[in-house]
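Working notes for the structure below.
As a basis for the values below, the full set of heavy atoms in this structure was taken, side chains included, without hydrogen atoms, waters or symmetry mates.
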Amino acid sequence: MSQSTSSFPVKLYIYDLSRGMARQLSPVMLGRQLDGIWHTGVVVHGQEFFFGGAGINYCPPSGTMLGDPDSVVELGSTEVNEELFMEYLGSLAESEYSGDKYNVFEHNCNTFSNDVAQFLTGRKIPSYITNLPSEILSTPFGQALRPLLDSMAINPGGNNINGQR
């Protein structure tokens, strides 16, 4: 008896929070070239899922105040159905991805996207995104900015998984 399994596409939406300014200013400020300050969301089951200062959020693809992504990476496909995926996100939202755990350098939208991508597809997101915080912090200017940036919580909008605002 054969079982039919459905497969769902998984995409990574990549946004440059600096809107091109990182490319222009990073050589002077950091002494190295950065192409962007990346925010990511994972698109699956017709929604974009991301993590910010308010916890795990979702919206229609490109539905945040950031608009359309600067680029899209096809991560592959998953056999994880929407119900199981939402259960998984619910458990993350109550534990390691509650809003109070957000940290712009160490536990951010890209950490979330990387974990979700691995859960769904077994693939990581591009390393130029996940390595960005350590690149910034390895510079004197990055170290000087750290206290200010540590207090920031980025929240591009959307609906919270737990119904919180």
Original post:
So with a 6.0 Å cut-off around NZ of K11, is the heavy-atom count from everything else above 12?
Top reply: no
Subject >> CG on L75 to NZ on K124, rounded to 0.5 Å >> reply: 13.5 Å
Original post:
Would you say the side chain of V43 lies within less than 4.5 Å of the side chain of V10, judging by non-hydrogen atoms?
Top reply: no
**OP:** Take the angle between the ring planes of Y97 and F112 and call it parallel below 30°, perpendicular above 60°, tilted in between.
**Re:** perpendicular
Subject >> Heavy-atom closest pair, residues A22 and I37 >> reply: CB-CG1, 4.0 Å
Original post:
F49 versus N57: any side-chain heavy-atom pair under 4.5 Å?
Top reply: no
Original post:
Given side chains that start at C-beta, do those of I56 and L92 come closer than 4.5 Å, heavy atoms only?
Top reply: yes
**OP:** Check for a donor-acceptor pair, side chain of K101 on one end and backbone N or O of S95 on the other, with a separation under 3.5 Å.
**Re:** yes
Original post:
Are any of the side-chain heavy atoms of L12 and S113 separated by less than 4.5 Å?
Top reply: yes
Subject >> Sidechain-backbone polar pair: N110 side chain, T130 backbone, donor-acceptor under 3.5 Å >> reply: no
Original post:
In Å and rounded to the nearest 0.5 Å, what is the CD to OG distance from Q33 to S26?
Top reply: 4.5 Å
Original post:
How far does CZ of F105 sit from CG of L132, to the nearest 0.5 angstrom?
Top reply: 8.5 Å
Subject >> Short side-chain to backbone donor-acceptor contact, N114 and I125, under 3.5 Å >> reply: yes
Original post:
Less than 4.5 Å apart, any side-chain heavy atom of E79 and any of T121?
Top reply: no
**OP:** Look only at the side chain of R32 and the backbone of I136, and say whether a donor-acceptor pair between them is shorter than 3.5 Å.
**Re:** no
Subject >> Short side-chain to backbone donor-acceptor contact, H45 and E83, under 3.5 Å >> reply: no
Subject >> Q47 side chain to P61 backbone, donor-acceptor under 3.5 Å >> reply: no
Original post:
Which residues pass the salt bridge (Lys or Arg N to Asp or Glu O under 4.0 Å) test with E106, sequence neighbours left out?
Top reply: R146
**OP:** Pick out which of Y13, Y15, Y128 makes a ring pair (Phe, Tyr, Trp, His ring centres under 6.0 Å) with W38.
**Re:** Y128
**OP:** Please tell me if the side chains of F119 and Y88 come closer than 4.5 Å, counting only heavy atoms from C-beta onward.
**Re:** yes
Subject >> Nearest-0.5 Å distance that lies between atom CZ in F50 and atom OG1 in T40 >> reply: 10.5 Å
Original post:
Side-chain contact, heavy-atom cut-off 4.5 Å: L120 with F85?
Top reply: yes
**OP:** State the NE2-CD1 distance between H39 and I129, to the nearest 0.5 angstrom.
**Re:** 11.0 Å
**OP:** Would you indicate whether the side-chain heavy atoms of C59 and T64 approach each other to under 4.5 Å?
**Re:** yes
Original post:
Strictly by modelled atom types, are R23 and S18 linked by a side-chain donor-acceptor pair under 3.5 Å?
Top reply: no
**OP:** Can you label the angle between the Y102 ring and the F51 ring as parallel, tilted or perpendicular, going by 30° and 60°?
**Re:** tilted
**OP:** Of all the heavy-atom pairs spanning L30 and L34, show the shortest one and how long it is.
**Re:** CD1-CD1, 3.2 Å
Subject >> Separation of L89 CG from L84 CG (nearest 0.5 Å) >> reply: 10.0 Å
**OP:** Can you sort out the partners of R123 under salt bridge (Lys or Arg N to Asp or Glu O under 4.0 Å), two or more places apart, ordered by chain and number?
**Re:** none
**OP:** Go through the steps for V42 and E48 under the test side-chain contact (heavy atoms from CB on, under 4.5 Å), then give the verdict.
**Re:** CA-CA 5 Å; V42 174; E48 181 175 351; over 6 Å; no
Original post:
Is T111 reaching over with its side chain to a backbone N or O of N108, donor-acceptor style, under 3.5 angstrom?
Top reply: yes
